[in-house]
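Each chain gets a letter, A, B and so on, in the order its sequence line appears, and its residues count up from 1.
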Protein chains: 2
Amino acid sequence: MRLITRDTDYAIRTLCLMADRPKKVFSVSELTKKLNIPRPFLRKILQILHKNKILEAFKGKGGGFLLKKSIDKIYLLDLMNIFQGRFSLNRCLFKRKPCPRIDTCKLRKRIKKMERYLLDELKKISLGSLLN
Amino acid sequence: MRLITRDTDYAIRTLCLMADRPKKVFSVSELTKKLNIPRPFLRKILQILHKNKILEAFKGKGGGFLLKKSIDKIYLLDLMNIFQGRFSLNRCLFKRKPCPRIDTCKLRKRIKKMERYLLDELKKISLGSLLN
DNA sequence: TATAAATGATACCATATTAGTATCATTTTG
DNA sequence: CAAAATGATACTAATATGGTATCATTTATA
Ligand code: FES
Ligand code: FES
């Protein structure tokens with residue numbers, strides 16, 4: 001089971017790198033070289049981060065992306081929500097009726113509890129806290 | 001994120017139903033009617049449960065499947081391992097090198113901790129404990 | 001003001017995983 | 001021997017993930 005998908009992963013790495021020089025405007029070319037992430041994929045990711053107000057973007061020659069939010073205020077869970085959709089462990093419940101025979105669906109309750117825990121843990125993890 | 005896939009889910013439901021009459025030999029036809037799970041899919045699932053010694057199987061006319069293990073000794077995690085492979089949250093680590101810049105990969109450690117928790121919780125859940 | 005270098009928007013393709021089907025062989029009972 | 005069951009296994013379909021391609025727009029600067 002994959003907690004973090006590739007795009008979230010790449011976003012983490014990119015933002016951490018950018019945090020090194022928080023005032024600097026990075027072009028995709030530059031980032032792609034340093035991180036070696038496939039260029040068009042990285043570009044898409046950066047555009048999404050921009051739409052979500054985590055980066056600022058500058059068009060035109062000499063343009064690129066700039067960290068907008070402090071790395072300490074960007075949480076892993078934010079990125080997961082952006083790239084992976086709202087975090088939830090038991091989609092199953094909503095696709096099908098609750099399991100016959102398990103009338104009150106105890107399973108669901110127990111999964112909810114685990115989900116609660118994971119969300120709480122994930123909320124605590126800022127990108128800043130991963131560095132150093 | 002899906003903790004439990006469809007086949008595991010179906011397996012749970014089927015085993016719970018069979019636990020109602022632990023001595024009875026159920027044919028696929030019978031189970032498929034009661035659970036309305038697509039017949040050939042259910043069949044595959046039952047065969048896998050048989051291979052994994054959770055069910056006993058009887059070939060030939062009048063044959064079918066019989067619960068071999070007590071429902072209290074079948075754990076959700078067993079089924080997940082059978083149908084979904086060994087449970088682990090961070091496959092990511094093994095596909096790519098640890099993230100550059102995050103040298104000691106704190107993220108990995110934190111994910112491992114969550115994984116530990118989930119495994120502990122999942123270990124506790126027997127199918128028996130879901131019923132009644 | 002033309003050109004090059006950047007992002008914006010968006011549609012597309014490739015691969016992997018999950019979900020489900022089909023088929024033929026074998027066993028068993030009557 | 002025929003019917004009714006599972007064993008084994010290969011195939012197909014749907015979805016999610018990972019990655020490309022392309023054209024439009026903006027901006028700096030020669
Ligand atoms: S509602 Fe999903 S297993 Fe019960
Ligand atoms: S090793 Fe996977 S995020 Fe660091």
Can you check each nucleotide of nucleotides 20-30 of chain D against protein heavy atoms at under 4.0 Å and return B for base, S for sugar-phosphate only, - for none, in 5' to 3' order? B-B--BBBS--

Provide, to the nearest angstrom, the distance between the [atom1] atom belonging to [X] and the [atom2] atom belonging to [N].
X        : N       : atom1 : atom2 : answer
Gln47(B) : dA5(D)  : CD    : P     : 15 Å
Asp7(A)  : dA14(C) : CG    : C1'   : 16 Å
Phe83(B) : dG20(C) : CZ    : P     : 13 Å
Leu55(A) : dT7(C)  : CG    : C1'   : 12 Å
Ile37(A) : dG18(D) : CD1   : C1'   : 13 Å
Arg2(A)  : dT15(D) : CZ    : P     : 20 Å
Arg6(A)  : dA14(C) : CZ    : P     : 18 Å
Met1(B)  : dT17(C) : CE    : P     : 16 Å

Over 12 non-hydrogen atoms of neighbours within 6.0 angstrom of NZ in Lys24(A):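 Correct, the count exceeds 12.
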
Under 4.0 Å between a Lys/Arg side-chain N and an Asp/Glu carboxylate O for Arg116(A) and Asp120(A)?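 So Arg116(A) pairs with Asp120(A) through a salt bridge.
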
Below 4.0 angstrom, N of the basic side chain to O of the carboxylate: do Glu30(B) and Lys33(B) qualify?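 No salt bridge links Glu30(B) with Lys33(B).
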
Ignoring hydrogens and geometry beyond distance, is a side-chain donor-acceptor pair present between Arg43(B) and Thr32(B) at under 3.5 Å?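 There is no such pair (donor and acceptor under 3.5 Å, judged by atom type) between the side chains of Arg43(B) and Thr32(B).
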
For dG20(C), does OP1 or OP2 lie under 4.0 Å from any side-chain N or O of Tyr10(B)?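 So the side chain of Tyr10(B) is within the cut-off, an N or O lying under 4.0 Å from OP1 or OP2 of dG20(C).
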
Counting only side-chain nitrogens and oxygens, does His50(A) get under 4.0 Å of the OP1 or OP2 atom of dG8(C)?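 Yes, because at least one side-chain N or O of His50(A) sits under 4.0 Å from OP1 or OP2 of dG8(C).
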
Partner residues of Lys59(A) under the side chain to side chain contact (heavy atoms under 4.5 Å, CB included) criterion, sequence neighbours left out: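 Not a single residue meets the side chain to side chain contact (heavy atoms under 4.5 Å, CB included) criterion with Lys59(A).
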
Contacts of type ring-ring contact (aromatic ring centres under 6.0 Å, His included), residue Phe87(B), not counting sequence neighbours: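 Checked Phe87(B) against ring-ring contact (aromatic ring centres under 6.0 Å, His included); zero matches.
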
